[in-house]
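Reviewing the structure listed below.
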Protein chains: 2
Amino acid sequence: MKIQLALDRLNIQDAIKMAKLVETEIDWIEVGTSLIKEFGMQSVKEMKKAFPYKTILADTKTMDNAKYELEMSFQAGADIVTVMGTAPLVTIKTCLEIAKENNKKIMIDLLNTSEEQIQALLPFTEAIFCEHISKDEQELAGKSNVQTKSRLKEQAVIEVAAAGGITLETVQNLVEQNLDVAIIGSAITKAKNPQETAENFKKQIGGILS
Amino acid sequence: MKIQLALDRLNIQDAIKMAKLVETEIDWIEVGTSLIKEFGMQSVKEMKKAFPYKTILADTKTMDNAKYELEMSFQAGADIVTVMGTAPLVTIKTCLEIAKENNKKIMIDLLNTSEEQIQALLPFTEAIFCEHISKDEQELAGKSNVQTKSRLKEQAVIEVAAAGGITLETVQNLVEQNLDVAIIGSAITKAKNPQETAENFKKQIGGILS
(Lines give C-alpha, C1' and ligand atoms only; values in the text may rest on other atoms or scores of the structure.)
Protein backbone atom coordinates (compact mmCIF):
# COMPACT_ATOMS: atom_id res chain seq x y z
CA MET A 1 0.00 0.00 0.00
CA LYS A 2 1.24 3.45 -0.91
CA ILE A 3 1.24 6.46 1.38
CA GLN A 4 -0.05 9.74 -0.06
CA LEU A 5 1.01 12.68 2.09
CA ALA A 6 -1.78 15.27 2.06
CA LEU A 7 -0.54 18.83 2.53
CA ASP A 8 -3.20 21.33 3.52
CA ARG A 9 -3.59 24.60 5.39
CA LEU A 10 0.10 25.43 4.88
CA ASN A 11 1.95 27.91 2.71
CA ILE A 12 3.95 26.51 -0.21
CA GLN A 13 7.36 26.71 1.50
CA ASP A 14 6.15 25.02 4.69
CA ALA A 15 4.44 22.34 2.61
CA ILE A 16 7.70 21.63 0.75
CA LYS A 17 9.64 21.58 4.04
CA MET A 18 7.17 19.07 5.49
CA ALA A 19 7.41 16.84 2.43
CA LYS A 20 11.25 16.98 2.56
CA LEU A 21 11.14 15.79 6.16
CA VAL A 22 9.28 12.59 5.29
CA GLU A 23 10.28 12.19 1.65
CA THR A 24 11.77 8.73 1.94
CA GLU A 25 8.85 7.30 3.91
CA ILE A 26 6.02 8.38 1.62
CA ASP A 27 5.12 7.65 -2.01
CA TRP A 28 2.86 10.34 -3.37
CA ILE A 29 2.66 14.02 -2.44
CA GLU A 30 -0.75 15.70 -2.50
CA VAL A 31 -0.94 19.44 -3.04
CA GLY A 32 -4.14 19.97 -1.06
CA THR A 33 -7.19 21.89 -2.24
CA SER A 34 -6.48 24.66 0.27
CA LEU A 35 -3.02 25.27 -1.24
CA ILE A 36 -4.42 25.32 -4.77
CA LYS A 37 -7.21 27.76 -3.90
CA GLU A 38 -4.87 29.97 -1.86
CA PHE A 39 -1.81 30.00 -4.14
CA GLY A 40 -3.05 28.63 -7.46
CA MET A 41 -1.00 26.43 -9.78
CA GLN A 42 2.19 27.94 -8.36
CA SER A 43 1.76 25.46 -5.49
CA VAL A 44 1.80 22.51 -7.90
CA LYS A 45 4.71 23.92 -9.93
CA GLU A 46 6.89 24.50 -6.89
CA MET A 47 6.09 21.09 -5.42
CA LYS A 48 7.02 19.33 -8.68
CA LYS A 49 10.21 21.39 -8.91
CA ALA A 50 11.15 20.36 -5.37
CA PHE A 51 10.28 16.70 -6.01
CA PRO A 52 10.75 16.01 -9.73
CA TYR A 53 10.84 12.23 -9.22
CA LYS A 54 7.85 11.95 -6.91
CA THR A 55 4.24 11.44 -7.99
CA ILE A 56 2.44 14.75 -7.37
CA LEU A 57 -1.34 14.75 -6.92
CA ALA A 58 -3.18 18.03 -7.41
CA ASP A 59 -6.36 17.94 -5.32
CA THR A 60 -8.34 20.26 -7.58
CA LYS A 61 -11.69 18.61 -6.66
CA THR A 62 -12.87 19.38 -10.19
CA MET A 63 -16.65 19.81 -10.60
CA ASP A 64 -16.70 21.44 -14.07
CA ASN A 65 -14.42 22.84 -16.78
CA ALA A 66 -12.60 19.52 -16.83
CA LYS A 67 -10.39 20.08 -19.86
CA TYR A 68 -9.16 23.48 -18.67
CA GLU A 69 -8.55 22.45 -15.06
CA LEU A 70 -6.81 19.19 -15.90
CA GLU A 71 -4.58 20.56 -18.65
CA MET A 72 -3.60 23.44 -16.38
CA SER A 73 -2.74 21.00 -13.57
CA PHE A 74 -0.78 18.58 -15.77
CA GLN A 75 1.15 21.49 -17.29
CA ALA A 76 2.00 22.65 -13.77
CA GLY A 77 3.52 19.24 -13.07
CA ALA A 78 0.73 17.15 -11.57
CA ASP A 79 0.76 13.40 -12.26
CA ILE A 80 -2.69 12.78 -10.81
CA VAL A 81 -5.64 15.19 -10.57
CA THR A 82 -8.84 14.74 -8.56
CA VAL A 83 -12.41 15.04 -9.79
CA MET A 84 -15.50 14.82 -7.59
CA GLY A 85 -17.72 11.74 -7.85
CA THR A 86 -20.68 14.12 -7.50
CA ALA A 87 -19.69 16.00 -10.68
CA PRO A 88 -21.74 15.46 -13.84
CA LEU A 89 -20.73 12.23 -15.59
CA VAL A 90 -19.61 14.18 -18.67
CA THR A 91 -17.06 16.03 -16.51
CA ILE A 92 -15.62 12.80 -15.11
CA LYS A 93 -15.45 11.25 -18.59
CA THR A 94 -13.65 14.33 -19.89
CA CYS A 95 -11.16 14.13 -17.03
CA LEU A 96 -10.41 10.53 -18.00
CA GLU A 97 -9.88 11.52 -21.64
CA ILE A 98 -7.58 14.45 -20.83
CA ALA A 99 -5.58 12.30 -18.41
CA LYS A 100 -5.19 9.59 -21.05
CA GLU A 101 -4.04 12.14 -23.66
CA ASN A 102 -1.41 13.35 -21.21
CA ASN A 103 -0.43 9.89 -20.03
CA LYS A 104 -1.52 10.86 -16.52
CA LYS A 105 -4.15 9.66 -14.05
CA ILE A 106 -7.23 10.86 -12.26
CA MET A 107 -8.53 10.10 -8.80
CA ILE A 108 -12.29 10.18 -8.33
CA ASP A 109 -13.10 11.60 -4.89
CA LEU A 110 -16.21 9.79 -3.63
CA LEU A 111 -16.99 12.35 -0.90
CA ASN A 112 -20.77 12.41 -0.44
CA THR A 113 -21.26 10.43 -3.67
CA SER A 114 -24.43 8.34 -3.78
CA GLU A 115 -24.41 4.56 -4.29
CA GLU A 116 -26.11 5.11 -7.64
CA GLN A 117 -23.41 7.56 -8.75
CA ILE A 118 -20.66 5.17 -7.60
CA GLN A 119 -22.17 2.31 -9.61
CA ALA A 120 -22.12 4.52 -12.73
CA LEU A 121 -18.42 5.23 -12.14
CA LEU A 122 -17.15 1.69 -11.49
CA PRO A 123 -16.63 0.94 -15.21
CA PHE A 124 -13.92 3.66 -15.26
CA THR A 125 -11.28 1.19 -14.11
CA GLU A 126 -8.38 3.42 -15.21
CA ALA A 127 -9.26 5.86 -12.44
CA ILE A 128 -8.22 5.60 -8.81
CA PHE A 129 -11.27 5.66 -6.53
CA CYS A 130 -10.99 7.52 -3.25
CA GLU A 131 -13.25 6.72 -0.33
CA HIS A 132 -13.30 9.97 1.57
CA ILE A 133 -14.64 11.29 4.82
CA SER A 134 -14.01 15.00 4.68
CA LYS A 135 -12.23 17.23 7.18
CA ASP A 136 -15.53 18.92 8.03
CA GLU A 137 -17.27 15.58 8.59
CA GLN A 138 -14.44 14.48 10.88
CA GLU A 139 -13.92 17.70 12.78
CA LEU A 140 -17.51 18.90 13.00
CA ALA A 141 -19.63 15.74 12.72
CA GLY A 142 -17.32 13.16 14.33
CA LYS A 143 -17.35 10.82 11.34
CA SER A 144 -14.57 8.47 10.24
CA ASN A 145 -14.53 5.90 7.47
CA VAL A 146 -11.38 4.02 8.20
CA GLN A 147 -13.18 1.47 10.37
CA THR A 148 -15.62 0.65 7.60
CA LYS A 149 -14.79 -2.20 5.29
CA SER A 150 -14.59 -0.97 1.73
CA ARG A 151 -16.83 -2.71 -0.74
CA LEU A 152 -15.29 -1.16 -3.84
CA LYS A 153 -12.51 -3.72 -4.18
CA GLU A 154 -15.11 -6.49 -4.20
CA GLN A 155 -17.03 -4.91 -7.06
CA ALA A 156 -14.37 -4.06 -9.62
CA VAL A 157 -10.68 -4.41 -10.39
CA ILE A 158 -9.73 -0.88 -9.46
CA GLU A 159 -7.19 0.99 -7.39
CA VAL A 160 -8.78 2.26 -4.21
CA ALA A 161 -7.54 4.98 -1.87
CA ALA A 162 -8.93 6.03 1.47
CA ALA A 163 -8.81 9.41 3.16
CA GLY A 164 -10.20 10.76 6.39
CA GLY A 165 -8.50 10.82 9.73
CA ILE A 166 -6.25 7.79 9.17
CA THR A 167 -4.01 7.19 12.18
CA LEU A 168 -1.27 4.74 13.15
CA GLU A 169 -3.97 2.79 14.98
CA THR A 170 -6.39 2.56 12.06
CA VAL A 171 -4.10 2.20 9.04
CA GLN A 172 -3.90 -1.58 9.55
CA ASN A 173 -7.61 -1.83 8.61
CA LEU A 174 -6.77 -0.46 5.16
CA VAL A 175 -3.96 -2.98 4.71
CA GLU A 176 -6.37 -5.79 5.63
CA GLN A 177 -8.90 -4.44 3.13
CA ASN A 178 -6.19 -4.64 0.49
CA LEU A 179 -6.51 -0.94 -0.35
CA ASP A 180 -3.92 0.65 -2.60
CA VAL A 181 -3.36 4.11 -1.17
CA ALA A 182 -3.62 5.51 2.36
CA ILE A 183 -4.01 9.29 2.24
CA ILE A 184 -2.51 10.67 5.42
CA GLY A 185 -2.52 14.32 6.40
CA SER A 186 -2.54 15.68 9.91
CA ALA A 187 -1.49 12.38 11.54
CA ILE A 188 1.92 13.11 9.99
CA THR A 189 1.95 16.87 9.44
CA LYS A 190 0.75 17.70 12.96
CA ALA A 191 2.78 15.01 14.73
CA LYS A 192 5.44 16.15 17.21
CA ASN A 193 7.94 14.26 15.11
CA PRO A 194 6.60 13.94 11.56
CA GLN A 195 9.61 11.92 10.34
CA GLU A 196 9.36 9.30 13.07
CA THR A 197 5.59 9.12 12.59
CA ALA A 198 5.95 8.60 8.84
CA GLU A 199 8.51 5.84 9.55
CA ASN A 200 6.02 4.21 11.89
CA PHE A 201 3.30 4.36 9.22
CA LYS A 202 5.67 2.70 6.79
CA LYS A 203 6.50 -0.01 9.33
CA GLN A 204 2.84 -0.49 10.18
CA ILE A 205 2.00 -0.99 6.52
CA GLY A 206 4.69 -3.66 6.42
CA GLY A 207 7.35 -1.88 4.50
CA ILE A 208 5.80 -2.89 1.22
CA LEU A 209 6.25 0.47 -0.44
CA SER A 210 6.49 0.54 -4.20
CA MET B 1 -32.84 41.09 -11.57
CA LYS B 2 -29.13 41.51 -11.03
CA ILE B 3 -26.43 40.60 -13.53
CA GLN B 4 -23.45 38.65 -12.21
CA LEU B 5 -20.55 38.77 -14.67
CA ALA B 6 -18.72 35.43 -14.58
CA LEU B 7 -15.02 35.71 -15.42
CA ASP B 8 -13.35 32.43 -16.35
CA ARG B 9 -10.46 31.10 -18.42
CA LEU B 10 -8.72 34.49 -18.31
CA ASN B 11 -5.67 35.82 -16.51
CA ILE B 12 -6.26 38.31 -13.70
CA GLN B 13 -5.41 41.43 -15.72
CA ASP B 14 -7.63 40.45 -18.65
CA ALA B 15 -10.44 39.62 -16.23
CA ILE B 16 -10.15 43.08 -14.65
CA LYS B 17 -10.06 44.72 -18.10
CA MET B 18 -13.20 42.86 -19.12
CA ALA B 19 -15.01 43.87 -15.93
CA LYS B 20 -13.95 47.53 -16.43
CA LEU B 21 -15.48 47.47 -19.91
CA VAL B 22 -18.94 46.53 -18.63
CA GLU B 23 -18.72 47.85 -15.07
CA THR B 24 -21.73 50.16 -15.27
CA GLU B 25 -24.02 47.55 -16.83
CA ILE B 26 -23.44 44.73 -14.36
CA ASP B 27 -24.02 44.30 -10.62
CA TRP B 28 -21.83 41.53 -9.27
CA ILE B 29 -18.41 40.36 -10.44
CA GLU B 30 -17.63 36.66 -10.18
CA VAL B 31 -14.01 35.58 -9.90
CA GLY B 32 -14.44 32.20 -11.60
CA THR B 33 -13.22 28.86 -10.28
CA SER B 34 -10.61 28.68 -13.04
CA LEU B 35 -9.05 31.97 -11.92
CA ILE B 36 -9.00 30.87 -8.29
CA LYS B 37 -7.40 27.50 -9.08
CA GLU B 38 -4.90 29.06 -11.48
CA PHE B 39 -3.91 32.17 -9.51
CA GLY B 40 -5.22 31.56 -6.00
CA MET B 41 -6.62 34.27 -3.72
CA GLN B 42 -4.53 36.87 -5.55
CA SER B 43 -7.30 36.86 -8.18
CA VAL B 44 -9.91 37.81 -5.57
CA LYS B 45 -7.63 40.40 -3.93
CA GLU B 46 -6.85 42.16 -7.20
CA MET B 47 -10.48 42.13 -8.33
CA LYS B 48 -11.63 43.69 -5.05
CA LYS B 49 -8.84 46.27 -5.28
CA ALA B 50 -9.94 47.18 -8.80
CA PHE B 51 -13.64 47.30 -7.81
CA PRO B 52 -13.83 48.21 -4.11
CA TYR B 53 -17.51 49.21 -4.35
CA LYS B 54 -18.74 46.21 -6.35
CA THR B 55 -19.99 42.95 -4.88
CA ILE B 56 -17.29 40.34 -5.57
CA LEU B 57 -18.26 36.65 -5.65
CA ALA B 58 -15.48 34.08 -5.25
CA ASP B 59 -16.55 30.88 -7.01
CA THR B 60 -14.57 28.56 -4.77
CA LYS B 61 -17.06 25.68 -5.23
CA THR B 62 -16.28 24.60 -1.67
CA MET B 63 -16.73 20.88 -0.93
CA ASP B 64 -14.84 20.68 2.39
CA ASN B 65 -12.66 22.72 4.74
CA ALA B 66 -15.43 25.33 4.88
CA LYS B 67 -14.05 27.54 7.64
CA TYR B 68 -10.59 27.79 6.09
CA GLU B 69 -11.78 28.37 2.53
CA LEU B 70 -14.43 30.92 3.44
CA GLU B 71 -12.30 32.93 5.86
CA MET B 72 -9.50 33.00 3.28
CA SER B 73 -11.93 34.23 0.60
CA PHE B 74 -13.57 36.88 2.78
CA GLN B 75 -10.15 38.14 3.89
CA ALA B 76 -9.16 38.40 0.23
CA GLY B 77 -12.15 40.68 -0.35
CA ALA B 78 -14.99 38.38 -1.42
CA ASP B 79 -18.52 39.41 -0.46
CA ILE B 80 -20.12 36.13 -1.52
CA VAL B 81 -18.52 32.67 -1.67
CA THR B 82 -19.93 29.54 -3.32
CA VAL B 83 -20.38 26.10 -1.78
CA MET B 84 -21.57 23.02 -3.66
CA GLY B 85 -25.05 21.66 -2.96
CA THR B 86 -23.50 18.18 -3.18
CA ALA B 87 -21.13 18.90 -0.28
CA PRO B 88 -21.85 17.30 3.09
CA LEU B 89 -24.54 19.21 4.98
CA VAL B 90 -22.11 20.05 7.78
CA THR B 91 -19.91 21.88 5.26
CA ILE B 92 -22.80 23.96 3.97
CA LYS B 93 -23.93 24.77 7.51
CA THR B 94 -20.39 25.84 8.42
CA CYS B 95 -20.25 28.08 5.35
CA LEU B 96 -23.45 29.78 6.51
CA GLU B 97 -22.02 30.30 10.00
CA ILE B 98 -18.72 31.74 8.76
CA ALA B 99 -20.54 34.02 6.33
CA LYS B 100 -22.80 35.27 9.11
CA GLU B 101 -19.82 35.92 11.42
CA ASN B 102 -18.23 37.97 8.64
CA ASN B 103 -21.44 39.73 7.65
CA LYS B 104 -21.12 38.17 4.18
CA LYS B 105 -23.17 35.74 2.07
CA ILE B 106 -22.92 32.33 0.49
CA MET B 107 -24.31 31.03 -2.77
CA ILE B 108 -25.19 27.33 -2.88
CA ASP B 109 -24.34 25.94 -6.32
CA LEU B 110 -26.97 23.30 -7.14
CA LEU B 111 -24.96 21.69 -9.96
CA ASN B 112 -25.86 17.98 -10.06
CA THR B 113 -27.56 18.27 -6.66
CA SER B 114 -30.36 15.74 -6.09
CA GLU B 115 -33.93 16.73 -5.29
CA GLU B 116 -33.48 15.21 -1.84
CA GLN B 117 -30.37 17.28 -1.19
CA ILE B 118 -32.13 20.45 -2.42
CA GLN B 119 -35.04 19.85 -0.05
CA ALA B 120 -32.60 19.59 2.86
CA LEU B 121 -31.08 22.93 1.87
CA LEU B 122 -34.24 24.99 1.38
CA PRO B 123 -34.48 25.96 5.08
CA PHE B 124 -31.22 27.90 4.66
CA THR B 125 -33.06 30.98 3.45
CA GLU B 126 -30.10 33.31 4.10
CA ALA B 127 -28.23 31.63 1.25
CA ILE B 128 -28.58 32.44 -2.44
CA PHE B 129 -29.48 29.31 -4.42
CA CYS B 130 -27.93 28.87 -7.84
CA GLU B 131 -29.52 26.66 -10.47
CA HIS B 132 -26.58 25.67 -12.59
CA ILE B 133 -25.95 23.81 -15.79
CA SER B 134 -22.19 23.49 -15.99
CA LYS B 135 -19.85 24.46 -18.81
CA ASP B 136 -19.10 20.79 -19.46
CA GLU B 137 -22.80 19.90 -19.60
CA GLN B 138 -23.40 22.75 -22.05
CA GLU B 139 -20.35 22.30 -24.24
CA LEU B 140 -20.09 18.51 -24.20
CA ALA B 141 -23.62 17.27 -23.49
CA GLY B 142 -25.72 20.03 -25.13
CA LYS B 143 -27.68 20.82 -21.98
CA SER B 144 -29.17 24.17 -20.97
CA ASN B 145 -31.41 25.05 -18.05
CA VAL B 146 -32.49 28.51 -18.94
CA GLN B 147 -35.63 27.24 -20.69
CA THR B 148 -36.74 25.31 -17.62
CA LYS B 149 -39.05 26.99 -15.20
CA SER B 150 -37.46 27.15 -11.79
CA ARG B 151 -39.45 25.61 -8.98
CA LEU B 152 -37.28 26.94 -6.19
CA LYS B 153 -39.04 30.30 -5.93
CA GLU B 154 -42.34 28.47 -5.44
CA GLN B 155 -40.99 26.43 -2.54
CA ALA B 156 -39.29 28.98 -0.33
CA VAL B 157 -38.66 32.69 0.12
CA ILE B 158 -35.13 32.64 -1.15
CA GLU B 159 -32.91 34.49 -3.61
CA VAL B 160 -32.37 32.39 -6.71
CA ALA B 161 -29.68 32.74 -9.35
CA ALA B 162 -29.33 30.88 -12.62
CA ALA B 163 -26.19 30.03 -14.57
CA GLY B 164 -25.54 28.10 -17.73
CA GLY B 165 -25.39 29.47 -21.24
CA ILE B 166 -27.71 32.44 -20.64
CA THR B 167 -28.05 34.56 -23.81
CA LEU B 168 -29.84 37.74 -24.84
CA GLU B 169 -32.56 35.47 -26.25
CA THR B 170 -33.09 33.41 -23.09
CA VAL B 171 -32.58 35.93 -20.30
CA GLN B 172 -36.22 37.04 -20.54
CA ASN B 173 -37.28 33.59 -19.22
CA LEU B 174 -35.42 34.32 -16.00
CA VAL B 175 -37.12 37.69 -15.64
CA GLU B 176 -40.50 36.01 -16.10
CA GLN B 177 -39.58 33.40 -13.48
CA ASN B 178 -38.87 36.28 -11.09
CA LEU B 179 -35.30 35.10 -10.51
CA ASP B 180 -32.92 37.36 -8.65
CA VAL B 181 -29.57 36.94 -10.38
CA ALA B 182 -28.62 36.06 -13.96
CA ILE B 183 -25.06 34.76 -14.09
CA ILE B 184 -23.67 35.62 -17.50
CA GLY B 185 -20.23 34.63 -18.74
CA SER B 186 -19.26 34.01 -22.33
CA ALA B 187 -22.36 35.72 -23.80
CA ILE B 188 -20.68 38.94 -22.64
CA THR B 189 -16.98 38.08 -22.38
CA LYS B 190 -16.80 36.46 -25.82
CA ALA B 191 -19.09 38.95 -27.57
CA LYS B 192 -17.57 41.05 -30.36
CA ASN B 193 -18.60 44.10 -28.38
CA PRO B 194 -18.88 43.15 -24.69
CA GLN B 195 -19.99 46.65 -23.62
CA GLU B 196 -22.84 46.85 -26.12
CA THR B 197 -23.89 43.28 -25.27
CA ALA B 198 -23.93 44.05 -21.55
CA GLU B 199 -26.04 47.17 -22.28
CA ASN B 200 -28.45 44.99 -24.24
CA PHE B 201 -28.71 42.51 -21.35
CA LYS B 202 -29.51 45.41 -19.04
CA LYS B 203 -32.17 46.70 -21.44
CA GLN B 204 -33.61 43.22 -21.90
CA ILE B 205 -33.94 42.80 -18.14
CA GLY B 206 -35.86 46.05 -18.08
CA GLY B 207 -33.32 48.34 -16.55
CA ILE B 208 -34.40 47.32 -13.07
CA LEU B 209 -30.89 47.01 -11.73
CA SER B 210 -30.47 47.46 -8.03
Side-chain angles (χ1 to χ4, degrees), chain A residues 8-9 12 32-44 58-70 72-73 75-76 81-95 97 109 111-114 116-117 132-143 163-164, chain B residues 8-9 12 32-44 58-70 72-73 75-76 81-95 97 109 111-114 116-117 132-143 163-164:
Chain A
D8 259 302
R9 305 181 188 180
I12 300 176
T33 311
S34 58
L35 267 85
I36 292 173
K37 290 184 181 168
E38 193 162 358
F39 307 108
M41 282 297 121
Q42 196 62 28
S43 59
V44 179
D59 192 13
T60 57
K61 289 191 169 56
T62 293
M63 280 296 299
D64 187 17
N65 211 2
K67 186 173 191 289
Y68 193 91
E69 289 195 5
L70 266 71
M72 171 172 100
S73 302
Q75 277 162 24
V81 177
T82 62
V83 58
M84 297 311 298
T86 60
L89 207 57
V90 66
T91 295
I92 299 172
K93 282 184 181 170
T94 305
C95 287
E97 285 165 22
D109 182 335
L111 173 61
N112 226 26
T113 304
S114 71
E116 191 188 340
Q117 286 172 316
H132 185 194
I133 296 294
S134 68
K135 284 180 196 65
D136 287 347
E137 287 175 314
Q138 292 170 60
E139 295 173 2
L140 307 168
K143 273 199 190 181
Chain B
D8 260 300
R9 304 180 187 180
I12 300 175
T33 311
S34 58
L35 267 85
I36 292 172
K37 289 185 182 169
E38 194 163 357
F39 307 108
M41 282 298 120
Q42 196 62 28
S43 59
V44 180
D59 192 13
T60 57
K61 289 191 169 57
T62 293
M63 281 297 300
D64 186 18
N65 211 1
K67 187 173 190 286
Y68 193 91
E69 289 195 6
L70 266 72
M72 171 172 99
S73 303
Q75 277 163 22
V81 177
T82 63
V83 58
M84 298 310 299
T86 61
L89 206 57
V90 65
T91 295
I92 299 172
K93 281 184 183 172
T94 305
C95 287
E97 285 166 21
D109 182 336
L111 172 61
N112 226 25
T113 304
S114 71
E116 190 188 340
Q117 286 171 317
H132 185 196
I133 297 294
S134 69
K135 285 181 196 65
D136 287 348
E137 286 176 314
Q138 292 170 60
E139 294 172 3
L140 307 168
K143 272 198 191 180

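Keep in mind that the numbers below use all heavy atoms, side chains included, and drop hydrogens, waters and symmetry copies. First the proteins, then the strands, lettered A, B, ... as listed; each starts at 1.
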Audit row: A:K143, B:V90, side chain to side chain contact (heavy atoms under 4.5 Å, CB included) steps and yes/no: CA-CA 11 Å; A:K143 273 199 190 181; B:V90 65; over 6 Å; no

Using a 4.5 Å cut-off on heavy atoms from C-beta on, say whether the side chain of [Y] contacts that of [X].
X	Y	value
B:D109	A:M63	no
B:T33	A:D64	no
A:K93	B:L140	no

Under 4.5 Å from any heavy atom of chain B - which part of A:E38: both

Less than 4.5 Å to any heavy atom of chain B: does that hold for the side chain of A:Y68, its backbone, both, or neither? side chain

At a heavy-atom separation under 4.5 Å, does [X] approach chain A through its side chain, its backbone, both, or neither?
X	result
B:E137	both
B:T86	both
B:E139	neither
B:A87	backbone

Under a 4.5 Å cutoff for heavy-atom pairs, which residue among B:M84, B:M41, B:R9 has the most contacts with chain A? B:R9

Under 4.5 Å, counting heavy-atom pairs only, tell me which of B:S34, B:A141, B:A76, B:S43 racks up the most with chain A. B:S34

Flag the one option from A:M72, A:Q117, A:K61, A:K67 with the top tally of heavy-atom pairs under 4.5 Å to chain B. A:M72

For chain B, the option from A:L89, A:D8, A:T91, A:T113 that forms the most heavy-atom pairs under 4.5 Å: A:T91

Any donor-acceptor pair under 3.5 Å from B:D136 side chain to A:A66 backbone: yes

Hey, does the side chain of A:K37 reach the backbone of B:E69 with a donor-acceptor pair shorter than 3.5 angstrom? no

Provide the closest heavy-atom pair for A:P88 versus B:N112 in the form atom of the first, atom of the second, distance. N-ND2, 3.2 Å

